[in-house]
Colleague: 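Before I ask anything, here is the structure I am working with.
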There are 2 protein chains.
Amino acid sequence: MANQLNLSIDRSSPVPLYHQVVQGIEAAIHTGRLELGSRLDNEIDLAAQLNLSRPTMRKAMDELVRSGLLVRKRGVGTQVVSSQVRRPLELSSLYDDLSNNGSKPTTEVLSFSHLEADATTREALQLPAGAKVYHFTRLRKVGGKPLALMENWVRDDITHIDEALLGAQGLYGILRNGGVNFRLASQRIGAVVANDYQAPLLETPPGSALVTMERTAVDDTGRLVETGHHVYRGDSYSFEMTLVQR
Amino acid sequence: MANQLNLSIDRSSPVPLYHQVVQGIEAAIHTGRLELGSRLDNEIDLAAQLNLSRPTMRKAMDELVRSGLLVRKRGVGTQVVSSQVRRPLELSSLYDDLSNNGSKPTTEVLSFSHLEADATTREALQLPAGAKVYHFTRLRKVGGKPLALMENWVRDDITHIDEALLGAQGLYGILRNGGVNFRLASQRIGAVVANDYQAPLLETPPGSALVTMERTAVDDTGRLVETGHHVYRGDSYSFEMTLVQR
DNA sequence: GTCAATAGTTTGTCCTGACATTAGGATCTT
DNA sequence: AAGATCCTAATGTCAGGACAAACTATTGAC
């Protein structure tokens with residue numbers, strides 16, 4: 001088995017070697033060149049095949065194990081995990097999700113204001129008294145069908161936001177363009193039934209099931225950038241995720 | 001700053017050095033010895049303070065960054081992220097969750113059978129025709145209040161399962177005792193309203209909101225061990241998680 | 001024939017060392 | 001005083017080596 005992974009490593013590229021390996025193996029798995037359940041060569045051979053050191057090879061495989069694509073066992077070897085769909089829950093907005101899936105979402109801004117944060121919001125975003133925030137509610141539709149009703153609070157010292165911008169682009173896109181590097185978000189997912197305000201907007205009967213999500217996002221400087229409360233139509237949206245045991 | 005983290009590393013312990021560091025820093029953050037938002041010493045100094053090599057120190061910090069406790073920035077340093085509660089979504093059963101939180105859950109086994117898997121189940125667990133599975137439904141209560149209604153299918157070539165066992169112990173506990181090392185699970189979370197079967201069992205009115213979860217779990221040999229469909233009372237349960245950007 | 005000891009393979013952990021890249025402050029220049 | 005430039009500190013990447021631990025399969029003994 002001279003060259004199991006048919007990868008070419010570009011040492012002059014700015015993308016780290018271990019990451020090139022990650023991408024290469026991911027591609028090999030998705031194209032089927034590496035069969036599900038098959039065994040990989042051992043780390044030392046693989047490293048030698050690609051002219052890499054073992055730590056670099058291992059770092060790449062570490063990432064793939066973490067993301068659930070590979071399974072390692074000491075004394076035995078490394079396998080491609082044989083499982084079906086894998087869509088890890090990523091730090092992305094609904095807009096991104098839908099755009100990537102080919103649908104064309106539209107956004108309707110229902111309300112928009114730039115005001116002093118109340119106590120609850122100040123606590124959620126850890127802001128000092130007197131700080132101002134953007135507050136807005138949006139309705140997201142896909143193919144003309146309403147899918148999500150979203151209420152958000154965003155600190156205003158990051159980038160300018162207005163109604164027109166929100167209608168044209170996802171919130172996370174706006175904030176990323178404003179120089180925000182998201183690092184982590186904590187969220188809570190639950191269920192409620194539609195009330196008389198939500199039901200007509202989402203074009204669903206009052207009393208039908210809605211998925212709720214509350215999320216607060218943190219950027220790479222530790223700032224709490226955004227908090228929001230979203231509701232989704234339960235008959236058209238669910239959260240999929242892959243959990244990996246460490 | 002001679003010894004910022006007041007850790008003692010036990011080199012004779014079987015637990016890896018980097019993991020001892022992870023636990024130590026986690027403890028320091030939780031007890032408040034490391035303040036939220038404060039800066040850590042640089043990697044090289046920290047490694048020297050603990051008489052460790054830099055790669056070992058880095059590996060520990062890598063884990064903490066991944067889990068969202070630390071934030072690193074090249075050229076600047078490493079900070080404790082200033083965020084509130086963090087409860088990562090882990091690969092564990094509801095029973096574990098509740099037990100760890102001090103509540104004492106009880107389980108009522110509503111139905112139990114050991115039968116040949118139908119086509120849907122065979123596909124979900126990737127079983128050959130004719131394979132048998134355990135199938136059961138359980139009602140979980142906490143403090144006498146019903147919380148979750150769970151229906152599961154488990155392959156039968158792992159360990160023996162019976163009604164008495166299920167009444168006394170969580171499913172994941174039983175399977176772990178049976179030698180299963182869980183590696184990953186994919187799940188989907190959504191919302192429905194309670195139907196006439198679910199409502200009385202959960203002691204909630206028909207039409208109230210329920211959180212649904214479908215999960216399939218994979219062990220370290222790549223076997224699909226278990227699949228299930230759970231519903232939780234929306235007024236008493238939600239999924240909390242922390243997402244980390246890579 | 002069955003069970004136990006053993007050898008070999010593979011991943012897990014840890015070390016030392018080196019250089020690249022980036023962010024931010026200090027310094028110098030205009 | 002304002003701007004551009006250099007310097008320093010910190011993390012990011014990569015190499016190569018050594019030993020430990022776990023699992024497999026073979027071999028050996030009873």
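Proteins come first, then strands; the chains are lettered A, B, ... in the order of their sequence lines, and each starts at number 1.
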Colleague: Could you check how far CG of A:L40 sits from C1' of C:dT9, rounded to whole Å?
Modeller: 16 Å
Colleague: OP1 or OP2 of C:dT21 sitting under 4.0 Å from any side-chain N/O of B:R72?
Modeller: no
Colleague: Taking NZ, NE, NH1 and NH2 as the nitrogens, is one of them in A:K132 or A:E116 under 4.0 Å from a carboxylate oxygen of the other?
Modeller: no
Colleague: Measure CE/B:M61 against C1'/D:dA10 and give the value in whole Å, please.
Modeller: 10 Å
Colleague: In whole Å, I'd like the distance from the CZ atom of B:R58 to the C1' atom of C:dT16.
Modeller: 16 Å
Colleague: Hey, what do you get for CG (A:L224) to OG1 (A:T121), rounding to the nearest 0.5 Å?
Modeller: 12.5 Å
Colleague: Starting the side chain at C-beta, find the nucleotide from D:dC14, D:dT11, C:dC15 nearest to B:T78.
Modeller: D:dT11
Colleague: Just how far, in rounded Å, is P of C:dT9 from CG of A:L46?
Modeller: 17 Å
Colleague: Report yes or no: is there a donor-acceptor pair, N or O only, under 3.5 Å between the side chain of A:R54 and the base of C:dG12?
Modeller: yes
Colleague: Any base atoms under 4.0 Å from B:S53, or only sugar-phosphate, or nothing? Heavy atoms, all strands.
Modeller: base
Colleague: What's the CG-C1' distance between A:D62 and C:dT13, to the nearest Å?
Modeller: 12 Å
Colleague: The side chain of B:L52 is closest to which nucleotide in this list: D:dC14, C:dC15, D:dT11?
Modeller: C:dC15
Colleague: Whole angstroms only, please: what is the CG-P distance between A:N51 and D:dG16?
Modeller: 9 Å
Colleague: For residues B:K59 and B:H19, determine if any side-chain heavy atom of one lies less than 4.5 Å from a side-chain heavy atom of the other.
Modeller: no
Colleague: When we call it a touch if two heavy atoms are under 4.0 Å apart, what does A:P55 touch: a base, just sugar-phosphate, or nothing?
Modeller: base
Colleague: Would one find a side-chain N or O of B:K73 under 4.0 angstrom from OP1 or OP2 of C:dA23?
Modeller: no
Colleague: Parallel under 30°, tilted from 30 to 60°, perpendicular over 60°: which one fits the rings of A:W153 and A:H135?
Modeller: parallel
Colleague: Kindly indicate whether the side chain of B:L175, heavy atoms from C-beta on, has any atom under 4.5 Å from the side chain of B:L171.
Modeller: yes
Colleague: For B:E43 and C:dT22, what is the distance between atoms CD and P respectively, to the nearest whole Å?
Modeller: 16 Å
Colleague: Among D:dT13, D:dT11, D:dA15, which is the nearest nucleotide to the side chain of A:K59?
Modeller: D:dT13
Colleague: What is the distance, rounded to the nearest whole Å, between atom CE of A:M57 and atom P of D:dA15?
Modeller: 12 Å
Colleague: Pick the closest DNA chain D nucleotide for A:R74 and for A:Y18 by heavy atoms, then say which residue is nearer the 5' end.
Modeller: A:Y18
